[in-house]
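The structure appears below as structure tokens.
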Amino acid sequence: MDQIVNSGDSDNHLQSETTLKSVCRSCHGGCGVHLHVKDGLLVNVTGDPDSPLNKGRLCPIGAATMDLVYHPDRLKYPMKRKPPRGSGEWERISWDDALGEIAERLQSIKEEFGAESIAMGTGTGRHHIRWVSRFGHALGTPNWCEPGFAQCFHPRVNTSIQTMGDFPVCDFTGDVGPECIIYWGHNPVNSGPDGETRFNVRDSLAYKPKIIVIDPRETYLAKKADLWLQLRPGTDDALALAMLNVVIFEKLYDEEFVTKWTHGFTELAERVKDMPPEWAQDITWVPADKIREAARLYARTNPSMMEWGCAIEHTPACIQTIRAISMLPVLTGNIDVPGGWVFGMHGLGRFPSLIENLSEEMNAKRLGADRFKMLCGEGADLPAAHIPTLLQAMREGKPYPVKAFLVFGNNTLTTYANTSLVYESLMNLDFMVCADLFMTPTAELSDIVLPAASWPEIDQVAGMPTIAANVVLAQQKAVQIGECKSDEEIFVELARRMNLDSCTESVQDVLDQMVGDGLGITFDELRGEGFVQVPFKYRKYETDGFKTPTGKIELYSTRLEAMGYDPLPYYEEPPESPVATPELAEKFPLVLTTGGRIPFFFNSEHRQLRQLRKAHPEPVAEIHPETAADLGIEDGEWMSIETSRGKIKQKAKLTFGIDPRVIHAEHGWWFPEGKAPEYGVWDSNANVLTSNLPPYDPAMGTYQLRALQCKVAKI
Ligand SMILES: Nc1nc2c(c(=O)[nH]1)N[C@H]1C(S)=C(S)[C@@H](COP(=O)(O)OP(=O)(O)OC[C@H]3O[C@@H](n4cnc5c(=O)[nH]c(N)nc54)[C@H](O)[C@@H]3O)O[C@H]1N2
Ligand SMILES: Nc1nc2c(c(=O)[nH]1)N[C@H]1C(S)=C(S)[C@@H](COP(=O)(O)OP(=O)(O)OC[C@H]3O[C@@H](n4cnc5c(=O)[nH]c(N)nc54)[C@H](O)[C@@H]3O)O[C@H]1N2
Ligand code: SF4
Ligand SMILES: [Mo]
């Protein structure tokens, strides 16, 4: 799938070109790129051969950047919708009028209902994600949200910070290779997210590590694996607890590390003592022998990496599943060691989120704060609102009304669970604004749309230790498209126009501050370099300890206990399952999982880019040939997928790589070529099928996206 893109159309071209070193932000990966500019135009985007993250390569999405930047459907100027909401009729307005009207409407809503009645929404892993909260905090509202904060990546971040004081990433850029890698609910050769690029993942295979894959589907990595554990979706907690049982009771752990550097080993052993592989076998559908073999192989092969993905975070058992899984590298001492799990070097200063602007009373008003402390309160690195609670406040005005929603880079109708309820909530708003690259079914519901600049049109920095353990990268503006503005610039202009006390500094000032605090240079100096590798130090805990109350890794979490949550991991059956809801399972007999990533689209994006769409023209759902035969469904035929919430269609892909009792549906589907204003958002969108109703993870508020009951039929 990976493609190397060569630079330049012709030698002549190259001679008069300027090249800017930048970083691709079409996914979270952070590949180094060269932006080739000629006469004010971007003429090519190529991989930076010097970048340790991609070594000159680009994936299909990165290689389609020219198509993205110059796509004829890009939003190029602000627009205002004619009434009523969702009419699909728009007129062009000036930036001055757009910002003026937004400022005026927000001011009057704030005066009448309080700042908390204005919510901010954003999407996955963007350059500006933290600027959304910054503007919200400057405005005085605690209610900003992002689908990932309860469902993706941030549960891993927050849980790791509580458990071990920092967030571990795989040591892909060091000199020592891994001897063993577990891919747990994670398919990084397609997704390459949060902590590495898909190229590092492929390169690490050259070390010929032992590979263990834990996935209901037979992925590319599962085919290469020494052991593939094909578990029932949503039962990762039981599997992890059984593996811990083996590691502990067969004494496969690193005794010295455990004694010196962990807290609560005895309590953990007590918790898992009745959870051997034989117990987990019936729950997970993985034979006990295989669970035992996986635990032994992992524990005996060092150094090892834990590659974990968002599949473990898409359930109401999210926090404890993450905790249980993270204890495998901890017990085997694979923490901050070469070729293992390491803590990044924090090459950037802290982002000024302006959360200090919020009073204690305002923080307490954050929707969800009364329940989900790891998402909305003291257990969160950057607290955010709980999405289902926020949507309810839009619909029902309870516990207080939310009247306005400013969406910067999120396709709410396709990527939040339970599309019907989301639609009802958005339709009930008084005022909605969307900043996006394209008109989407979500943007169609807003009052004003703003044209956002894409990543080659923006100055920024990337370099959380979570993106790459030790690299800080400059993202550089190479081109101006229409009247597009970066989200960051929009926030600064809006803050100035509303006479807010903060968020009025220029973007450059904030970048200078972050780069200066981290590296001691200015943003312009970083620009010249393209990226800076921060010298790496292993086993930092030997001098500093772990940043937890006990100074150790807390298997027994004193912080979770203090917040009122279980300090030890446990198993919980998915809310909809053949075990939990047998009557429902009679009507909807198959287990549905959603959202396994494909290399050609990023969530709901890129469906309008010709070469990517050609590679993957339609939504595809995986089904076992026996199940398909029973239902008379043939390979490549449209089939319906139905849950108690709704029905969609996707094309059947028959594969022996999925259990006969399981269906996998792609997420994020809408059809930009379809009829406005809906663009087929009800036809094939997996979230028509999912639920955002309780139960939620008690600490994180997470809902279920990966284990639901469904039925399928031939169309
Ligand atoms: N059923 C199901 N649902 C899921 C998932 C699943 O696995 N299954 N995965 C969930 C996960 S993990 C996540 S993170 C979410 C992601 O959900 P979203 O955050 O909605 O993700 P995207 O579709 O990538 O991006 C949304 C919009 O941002 C726009 N955009 C891109 N760049 C910019 C920019 O620079 N500025 C602005 N203003 N807009 C920009 C795009 O055009 C797009 O319309 O989906 C979640 N939804
Ligand atoms: N090309 C591309 N890259 C992306 C994205 C994209 O849409 N396209 N999205 C980005 C985002 S927002 C995210 S969060 C990451 C996600 O990227 P990953 O973390 O890799 O997650 P997925 O690919 O969604 O799922 C990984 C695997 O989990 C399996 N799975 C499904 N249900 C279960 C389960 O219950 N348990 C276990 N153990 N496995 C299960 C799926 O079969 C799939 O192979 O990728 C990011 N990168
Ligand atoms: S992996 Fe991500 S960062 Fe790298 S080229 Fe592809 S889209 Fe860009
Ligand atoms: Mo995500």
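Each ligand, and each atom within it, is numbered from 1 in the order the structure gives. The figures that follow rest on heavy atoms only: side chains count, while hydrogens, waters and symmetry mates do not.
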Q) Taking everything shown except Lys76 itself, do over 12 heavy atoms lie less than 6.0 Å from its NZ? A)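 Correct, the count exceeds 12.
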
Checklist entry - Within 45° of the six-membered ring axis of Tyr220 and under 6.0 Å from that ring's centre, is NZ or CZ of Arg202 located there? => result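 Yes, a cation-pi geometry holds between Arg202 and Tyr220.
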
Establish, for the pair Arg607 and Phe601, whether the NZ or CZ atom is under 6.0 angstrom from the six-membered ring centre and no further than 45 degrees off its axis.
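Yes, a cation-pi geometry.
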
N/O separation below 3.5 Å, [X] to ligand 1:
{"X": "Thr412", "answer": "no"}
{"X": "Gln151", "answer": "no"}
{"X": "Glu146", "answer": "no"}
{"X": "Thr440", "answer": "no"}
{"X": "Thr124", "answer": "yes"}

Item to complete: Run the numbers for me: atoms of ligand 1, each under 4.0 Å from some heavy atom of Pro147, listed by number.
Response: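 Near Pro147, the atoms of ligand 1 are 15 (C), 17 (O), 19 (O).
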
>> So, regarding Leu231 and ligand 2 (criterion: nitrogen or oxygen to nitrogen or oxygen, under 3.5 Å), is there a contact or not?
In response: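 For ligand 2, there is no N or O atom that lies under 3.5 Å from one belonging to Leu231.
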
_Judged on heavy-atom distance to atom 35 (O) of ligand 2, which of Pro574, Gly62, Gly668, Gly234 sits nearest?_
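Among Pro574, Gly62, Gly668, Gly234, the closest heavy atom to atom 35 (O) of ligand 2 comes from Gly234.
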
Shortest heavy-atom approach to atom 6 (C) of ligand 2 - which of Arg597, Arg706, Glu622 =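 Checking each option, the heavy atom nearest atom 6 (C) of ligand 2 is found in Arg597.
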
**Request:** Heavy atoms only: give me the nearest Ala150-Thr702 pair and the separation to one decimal.
**Result:**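 That would be O-OG1, 2.8 Å.
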
Next item on the list: Answer with side chain, backbone, both or neither: which part of Ile598 has a heavy atom less than 4.0 angstrom from an atom of ligand 2?
Entry: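 Backbone only.
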
- [ ] Please state whether Ala435 comes within less than 4.0 angstrom of ligand 1, counting heavy atoms only.
- [x]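 So Ala435 counts as touching ligand 1.
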
Quiz item: Strictly by modelled atom types, are Thr419 and Asn687 linked by a side-chain donor-acceptor pair under 3.5 Å?
Solution: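 Thr419 vs Asn687: no donor-acceptor pair found between side chains.
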
